[in-house]
Amino acid sequence: MGNHAADIDAFMAALKAKNPGESEFHQAVHEVAQTIIPFLDTKPIYKDLKIFERMCEPDRTVMFRVCWQADDGAVHVNRGFRVQVNNAIGPYKGGCRFHPSVNLSVLKFLGFEQQFKNSLTGLPMGGAKGGSDFDPKGRSNAEIMRFCQAFMSELFRHIGPDVDVPAGDIGVGAKEIGYMFGQYKRLTNKFEGVLTGKGLEYGGSLIRTEATGYGAVYFLQNMLDVAGLDMDGKTVVVSGSGNVATHAAEKAHQLGGRVVTLSDSGGFVHDPDGMTQEKIDWVKELKKNGGRISEYADHFAGSTFHAKARPWHVPCDYALPCATQNEIGEEDANALIKNGVKAVSEGANMPTVDAGQKAFQAAGVLFGPAKAANAGGVAVSGMEMSQNSARVSWTDKELRNLLKTTMANIHQTCHQFGEGHGKDGGIDYVRGANIGGFVKVADAMLAFGVM
Ligand code: NDP
Ligand code: 2IT
């Protein structure tokens with residue numbers, strides 16, 4: 001890489017000095033910088049107009065107090081956030097995460113990634129992310145409702161169907177979106193497409209719930225097709241047991257894979273017989289009611305629970321990390337490689353550490369990075385926005401086809417920009433996704449001049 005290594009180091013040193021202590025944000029930028037900084041040489045005006053520097057500085061960040069009362073009368077004070085990163089190609093768009101680990105660094109990393117992911121979908125959506133350090137675990141429905149209403153009581157000032165359209169993420173599903181949409185409607189007296197992931201009765205889209213997990217498996221399938229591999233009877237390891245994980249497991253199973261694991265923050269379950277639709281449905285119901293994945297092993301004979309462990313030492317053909325960031329460390333990646341993994345498709349955001357990504361690529365493992373592989377969710381969110389604007393509802397069949405086509409197009413974009421840069425002249429999907437996502441946003445920013 002020659003001089004580029006020094007350029008990347010200098011860029012990262014400046015970014016770290018300006019954003020101290022934000023390790024997840026540094027990690028996400030570094031991953032993109034490694035391909036974008038060398039690429040800037042192809043069009044010097046990107047460099048002269050500091051396009052990449054601008055993408056690393058959110059347009060604005062809103063932080064606010066969220067005060068709410070628990071069932072026992074205790075008053076709680078949480079922090080709410082919305083990081084609006086870039087609206088060059090469309091209104092800000094991205095999920096909201098409710099989890100005790102949420103802080104500015106985590107949301108800046110997610111918003112930074114989102115601007116490239118949304119560009120890759122081909123739809124007109126800018127990048128944003130939001131959320132709170134609120135922990136929904138163990139809270140009653142009434143408490144969750146009061147928290148969502150308190151959160152929206154400030155957020156509503158900063159969003160709108162042509163301004164910023166939030167959605168779900170960890171800890172935010174259909175129920176929370178319902179409470180937030182209701183509060184937005186009450187405060188503004190407007191029924192409009194301001195959130196996605198809504199219930200079907202009030203403007204939601206078919207296939208949105210399934211889209212992220214299904215999309216990650218379609219992306220896997222696209223990678224396998226190019227490499228002459230298939231799903232039939234292959235062993236698939238999945239982490240997480242939430243929205244993305246259960247739908248990824250479902251689609252992998254439907255396409256003939258043998259899904260042998262799911263996990264949560266307590267550990268993972270190993271079911272060597274493979275998970276059937278009935279078992280996956282059981283997990284969806286379990287999670288809806290606040291259950292723990294350990295209960296799976298009590299319920300289904302032949303399966304085992306492994307406390308405080310992740311599933312990456314279970315031998316598999318394909319791995320689908322669908323829980324959270326940095327869940328595949330370097331050692332985990334090496335264990336997967338040693339056991340013969342052939343492809344990894346990231347359902348979660350940044351689940352693989354940098355050294356793990358490099359290990360996969362050096363070993364010739366097909367590696368589909370999050371901003372490409374999990375873009376199916378936000379893509380169907382974009383379709384929900386279109387349906388809301390036109391006041392129509394598309395059919396299940398139309399949306400399933402659109403999701404499949406969108407994932408194939410994203411794969412094609414990665415192919416176009418990544419071909420010849422992988423091991424032995426193969427496709428470097430990380431490079432392909434980063435450059436493919438960057439170009440459209442960068443060219444829009446050029447059109448606006450210096451601002
Ligand atoms: P859910 O809240 O539905 O599920 C999250 C799952 O991940 C749970 O099984 C949870 O376990 C586990 N998990 C969360 N945090 C941790 C942690 N720190 N350590 C171990 N396990 C953890 O979220 P989603 O399925 O929606 O999101 C999963 C991932 O997919 C996230 O990275 C998200 O950003 C990404 N994503 C989601 C999209 C969507 O449409 N929902 C779109 C694109 C990406 P536990 O219950 O024990 O906390
Ligand atoms: O990370 C993501 O892409 C999401 N959580 C979904 C965002 C959205 O706006 O649907």
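Below, each value reflects all heavy atoms present in this structure, side chains not excepted, and no hydrogens, waters or symmetry copies. We count residues from 1, following the sequence as given. Order of listing sets the numbers, starting from 1, for every ligand and every atom in it.
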Short N-O contact, [X] and [Y], less than 4.0 angstrom:
X: R146; Y: D71; answer: yes
X: E250; Y: K284; answer: yes
X: E154; Y: R157; answer: yes
X: K279; Y: D271; answer: yes
X: K234; Y: D317; answer: no
X: K129; Y: D169; answer: yes
X: E113; Y: K371; answer: yes
X: E384; Y: K198; answer: yes

Within ligand 1, which atoms have a heavy atom of [X] less than 4.0 Å away?
X: A348; result: 29 (C), 30 (O), 32 (O), 35 (C)
X: C322; result: 28 (C), 29 (C)
X: D169; result: 26 (O), 33 (C), 34 (O), 36 (N), 37 (C)
X: K137; result: 45 (P), 46 (O), 47 (O), 48 (O)
X: G347; result: 30 (O), 35 (C), 36 (N), 44 (C)

4.0 Å heavy-atom contact, [X] with ligand 1:
X: E327; result: no
X: R310; result: no
X: S241; result: yes
X: R97; result: yes
X: S263; result: yes

At a non-hydrogen distance cut-off of under 4.0 Å, which region of [X] contacts ligand 1 (side chain, backbone, both, or neither)?
X: R292; value: side chain
X: R208; value: side chain
X: Q325; value: neither

Q) To the nearest 0.1 Å, how far is atom 6 (C) of ligand 2 from its closest protein heavy atom, and which atom is that? A)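 In this structure, atom 6 (C) of ligand 2 has R208 NH2, 3.5 Å as its nearest protein heavy atom.
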Q. Using the ring of each side chain (for Trp, its six-membered ring), is F300 parallel, tilted or perpendicular to W282, with breaks at 30° and 60°?
A.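 The arrangement is perpendicular - the two ring planes meet at more than 60°.
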Which of the listed options, [options], holds the heavy atom that is closest to [atom]?
atom: atom 3 (O) of ligand 2; options: R97, M385, E113, K117; result: K117
atom: atom 20 (C) of ligand 1; options: S265, G267, A245; result: S265
atom: atom 43 (C) of ligand 1; options: T212, V380, V283; result: T212

**Q.** Distance-only N or O hit between ligand 2 and A167, under 3.5 Å
**A.**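 No, since none of the N or O atoms of A167 sits under 3.5 Å from an N or O of ligand 2.
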Q) Is K190 positioned over the aromatic face of Y184, cation under 6.0 angstrom from the ring centre and no more than 45 degrees off axis? A)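 Negative - K190 is either too far from the ring of Y184 or too far off its axis.
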Q) Would you say the ring centroid of F191 lies under 6.0 angstrom from that of F181? A)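 Close enough - the centres of the two rings lie under 6.0 Å apart.
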Q: With heavy atoms of S381 as the reference, note each atom of ligand 2 found under 4.0 Å away.
A: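 Per the distance check, 8 (C), 9 (O), 10 (O).
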Q: Please work out whether any backbone atom (N, CA, C, O) or any side-chain heavy atom from C-beta onward of V380 is under 4.0 Å from ligand 2, and answer side chain, backbone, both or neither.
A: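 Looking at V380 and ligand 2, no heavy atom falls under 4.0 Å.
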